[in-house]
Amino acid sequence: AQSVAQPEDQVNVAEGNPLTVKCTYSVSGNPYLFWYVQYPNRGLQFLLKYITGDNLVKGSYGFEAEFNKSQTSFHLKKPSALVSDSALYFCAVRDDNYGQNFVFGPGTRLSVLP
Amino acid sequence: DSGVTQTPKHLITATGQRVTLRCSPRSGDLSVYWYQQSLDQGLQFLIQYYNGEERAKGNILERFSAQQFPDLHSELNLSSLELGDSALYFCASSPVGREVHGYTFGSGTRLTVV
């Protein structure tokens, strides 16, 4: 079975500081990994994905994520946080050996303080 | 605008009633997914349709049902509603059944059962 964990319910960071939102996963095959962001009263928006290739993936709004196979992690990062980055972030995984549906993590609420 | 349209945006109804949520996928997408987002359960996969046929089932209650029509729009029917069914219901779409490009989400229908 596939699963995703986001160990932090809440992450607080000061504007201008680097941010990290953590994600670990469990799959039996090769993982397809995604990050989505949800702003208040909005649907989830795609940020970035890892399918294969370079372990460092760059996405929208200056976000990037690093795939680490040995640690089964896919942490989301941004070098300099903005107040407008405050939102709910979801990590999702699909096992290429297991159907076609993604499993989403519980979400991490990011608050960027001015 | 993501291209996935959900109606209505808000719905308030009484316990025991039945409601229908509607989703129009992004143009060209054949797969439709329904998710329920509640505060205590996170984002839960309910059901997937691909080109009119049910493809996968998640944590969908027997009181809930869905279908996808020939024009690819989908409806989620919720009956015998309970207070605990109050949640955000999201529809997402993707181009084909085993798509690696992730999902495009609608902005959701907020259901309040009173």
Side-chain angles (χ1 to χ4, degrees), chain A residues 1-10 21 23 25 27 29-53 57 59-60 63 65 67 74 76 87-109, chain B residues 1-7 9-10 21 23-26 29-51 53-60 87-110 112:
Chain A
Q2 49 194 11
S3 65
V4 180
Q6 293 180 243
E8 301 156 319
D9 293 336
Q10 174 92 32
V21 182
C23 171
Y25 65 90
V27 296
N30 294 314
Y32 297 150
L33 293 155
F34 288 72
W35 276 101
Y36 288 86
V37 59
Q38 184 181 24
Y39 297 102
N41 301 314
R42 302 286 296 276
L44 279 69
Q45 298 176 34
F46 170 79
L47 270 182
L48 51 79
K49 68 180 179 184
Y50 171 84
I51 304 299
T52 187
V57 178
S60 308
F63 283 93
F67 171 63
F74 190 57
L76 181 69
L88 190 56
Y89 290 80
F90 290 94
C91 182
V93 68
R94 181 167 80 78
D95 185 336
D96 70 349
N97 284 340
Y98 183 78
Q100 56 254 318
N101 294 306
F102 286 89
V103 171
F104 285 82
T108 297
R109 187 163 299 281
Chain B
D1 183 7
S2 68
V4 177
T5 304
Q6 288 188 251
T7 57
K9 292 191 182 305
H10 303 276
L21 313 184
C23 169
S24 294
R26 195 178 57 166
D29 286 357
L30 298 180
S31 273
V32 169
Y33 310 79
W34 285 98
Y35 282 83
Q36 180 192 58
Q37 185 181 32
S38 57
L39 284 176
D40 57 345
Q41 294 288 326
L43 201 63
Q44 298 287 318
F45 168 66
L46 295 178
I47 197 164
Q48 179 205 357
Y49 277 82
Y50 172 66
N51 204 20
E53 295 189 1
E54 181 183 304
R55 178 62 68 93
K57 240 177 185 179
N59 300 321
I60 188 166
L88 260 174
Y89 291 84
F90 285 108
C91 168
S93 71
S94 71
V96 295
R98 293 186 66 84
E99 185 58 46
V100 302
H101 297 303
Y103 302 163
T104 302
F105 281 83
S107 56
T109 294
R110 182 173 293 279
T112 303

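First the proteins, then the strands, lettered A, B, ... as listed; each starts at 1. Only this structure's heavy atoms are used, side chains among them; waters, hydrogens and symmetry mates stay out.
- The aromatic rings of Phe104(A) and Tyr103(B) sit tilted relative to each other, their planes meeting at an angle between 30° and 60°.
- Minimum heavy-atom separation, Phe90(A) to Leu43(B): CE2-CB, 4.4 Å.
- Heavy atoms from other residues, nucleotides or ligands lying under 6.0 Å from CD of Glu53(B) number 12 at most.
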Hey, mind stepping through Phe102(A) and Tyr33(B) against side chain to side chain contact (heavy atoms under 4.5 Å, CB included) and telling me if it holds? CA-CA 10 Å; Phe102(A) 286 89; Tyr33(B) 310 79; over 6 Å; no

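- With a 4.5 angstrom heavy-atom cutoff, Gln38(A) touches chain B only via side-chain atoms.
- Neither the backbone nor the side chain of Gln6(B) comes within contact range of chain A, judged by heavy atoms closer than 4.5 Å.
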